[in-house]
Protein chains: 2
Amino acid sequence: MDSKIFNLKSKLEVYKAMTNGGNFADCPVRDVIQGINGKWSSLLVMALAEKPYRFGELRRLVPDISQRMLTQTLFDLQRDGYVHREVFPTKPPSVEYSLTDLGRSMFLPLQQLVQWAELNHDAVREARKAFDARI
Amino acid sequence: MDSKIFNLKSKLEVYKAMTNGGNFADCPVRDVIQGINGKWSSLLVMALAEKPYRFGELRRLVPDISQRMLTQTLFDLQRDGYVHREVFPTKPPSVEYSLTDLGRSMFLPLQQLVQWAELNHDAVREARKAFDARI
DNA sequence: TAGCGCTGGTCTCTTTTTGAGACCATCCGT
DNA sequence: ACGGATGGTCTCAAAAAGAGACCAGCGCTA
C-alpha cells in the first residue's frame, strides 16, 4: 500500500499527521519525532547503523557528548525500541549497543535528511552570514 | 550527479558526514541538523509548506507553542534562510511568514521522516509499554 | 600488596533552554 | 473612552543539558 519512497502524501495530509488532526495534546507522530529529535539521538543511531558499539567506544567516537547524556540518550533510544542493550559477563562487564529492526528502519529517512543537510549547508551558512550582517 | 532519492551513500559515508570526518568542533552537517532539530522547527516548516501564514494564524494553528517560542523559532528559521518574513503596512501591521526555496527543498526529506513516524508510532508505543513494564 | 587503569555508570552543581504569563504601542470600530 | 486585534518583548520559574567528581569490581604490575 505505502511504498516507502513513492506515493507520498500531500502537504496538508502530512501536516495533519503531525497535528493528529487537531488533537495536539496526544499526537503520536510528534511524540515519535520528538524522540529522535534530541541533540544526540540521530547521531547515535547513525553511528550504530554502521555496526554495534560498546559504551566506551561510543564515548570515544563522539568525544563531545558527556557521559551523562550518552547514558541517558541510549536509555531513551532503548526505551523507544530503536536500540538493543546487551551486557556481556566479562570482567569488568562490557555492554554492547546495537540497532533493532525498528532502529534500522529509521536509517533511510534519516539518511535522506543528512544528505539534504550535506547538500545545503553552504546555503545555510550564506543565509546566516547575510542575516547577521543586516543586524 | 546526486539525484535526490537514489544513489544513496553508504552507512559509513553518512556517519562521516555527520562527524565531519572526525572534526567534531565544526561539523556543518550536524550544525544544520541541529537547526531543524528544535522542538518546533519541523512542525512550523511543515505548516508553512502548505501555505504562508501570519503570526497570529500560526499561534492559533499550533496552540501549544508559547508566543515566545513561536517568535524565536521563526526568527531562527529566518536566520537560517528557510523562512521569509514580510511585514505588510496595514494597521496594525501584519506579518506574513512563508518558506523560501531552501525551506521548500527541506520538505521532501522531512516528509519521509514524518511518514516513517506515522508508520511506526505503534511499534514505538508498544516498545515503551513493554520497557516500562520491566522497570 | 598497594597502587593504577579499565569497565559502565551515578550524583551534584551550574549553565542553558523552554514554558507561562504579564505587559506594550498602535490602530479600528462603536 | 473602551475593548479587541495586531505582533511582539520582558520577567520569572521549571526543565533540560553540560562539566566533572565519584563509585565498585576486577586485572595488571611494581
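Letters A, B, ... mirror the listed sequences (proteins, then strands); counts begin at 1.
For the pair A/Trp116/A/Gln112, no side-chain contact is recorded, criterion being any heavy-atom separation below 4.5 Å from C-beta on. Taking 4.5 Å as the limit, every side-chain heavy atom of B/Leu77 sits out of range of all side-chain heavy atoms of B/Leu48. At a threshold of 4.5 Å between non-hydrogen side-chain atoms, the residues A/Leu43 and A/Ile65 do not count as touching. At a threshold of 4.5 Å between non-hydrogen side-chain atoms, the residues A/Phe107 and A/Leu110 do not count as touching. Inter-residue side-chain proximity for A/Asn37 and B/Lys39 is flagged as unmet; no heavy-atom pair is nearer than 4.5 Å. Side-chain atoms of B/Asp76 and B/Tyr82, non-hydrogen and from C-beta on, never get closer than 4.5 Å to each other.
Between A/Phe131 and B/Phe75, the two ring planes are perpendicular [angle over 60°; tilted spans 30° to 60°].
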Please lay out, stage by stage, how A/Leu99 and A/Val83 fare under the test side chain to side chain contact (heavy atoms under 4.5 Å, CB included). CA-CA 5 Å; A/Leu99 285 192; A/Val83 160; 4.0 Å; yes
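As rounded to whole Å, 17 Å separates atom P of D/dC10 from atom CG of B/Leu70. What separates CD of A/Gln72 from P of C/dC11 is a distance of 12 Å, to the nearest Å. Rounded to an integer number of Å, the gap from B/Phe88 CZ to C/dC27 C1' is 19 Å. Distance, B/Phe75 CZ to D/dG7 P: 18 Å, rounded to whole Å. Rounding to whole angstrom units, CG of residue A/Asp76 and C1' of D/dA15 are separated by 14 Å.
Within residues 47-55 of chain A, the residues having any heavy atom under 4.0 Å from DNA chain C are, by residue number, A/Arg54, A/Phe55.
Among the heavy atoms of the strands lying under 4.0 Å from B/Tyr97 are primed sugar atoms or P, OP1, OP2 only; no base atom is included.
Mapping A/Gly38 and B/Pro93 onto DNA chain D via the closest heavy atom, the residue that lands nearer the 5' end is B/Pro93.
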How would you summarise protein contacts on nucleotides 18-30 of chain D per nucleotide, using B for base, S for sugar-phosphate only and - for none, with heavy-atom distances below 4.0 Å? BB-----BS----
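A close approach under 4.0 Å does not occur between any side-chain nitrogen or oxygen of B/Arg60 and OP1 or OP2 of D/dG7.
Note on residues 90-102 of chain A: pairs passing salt bridge (Lys or Arg N to Asp or Glu O under 4.0 Å), not counting sequence neighbours, are A/Asp101-A/Arg104.
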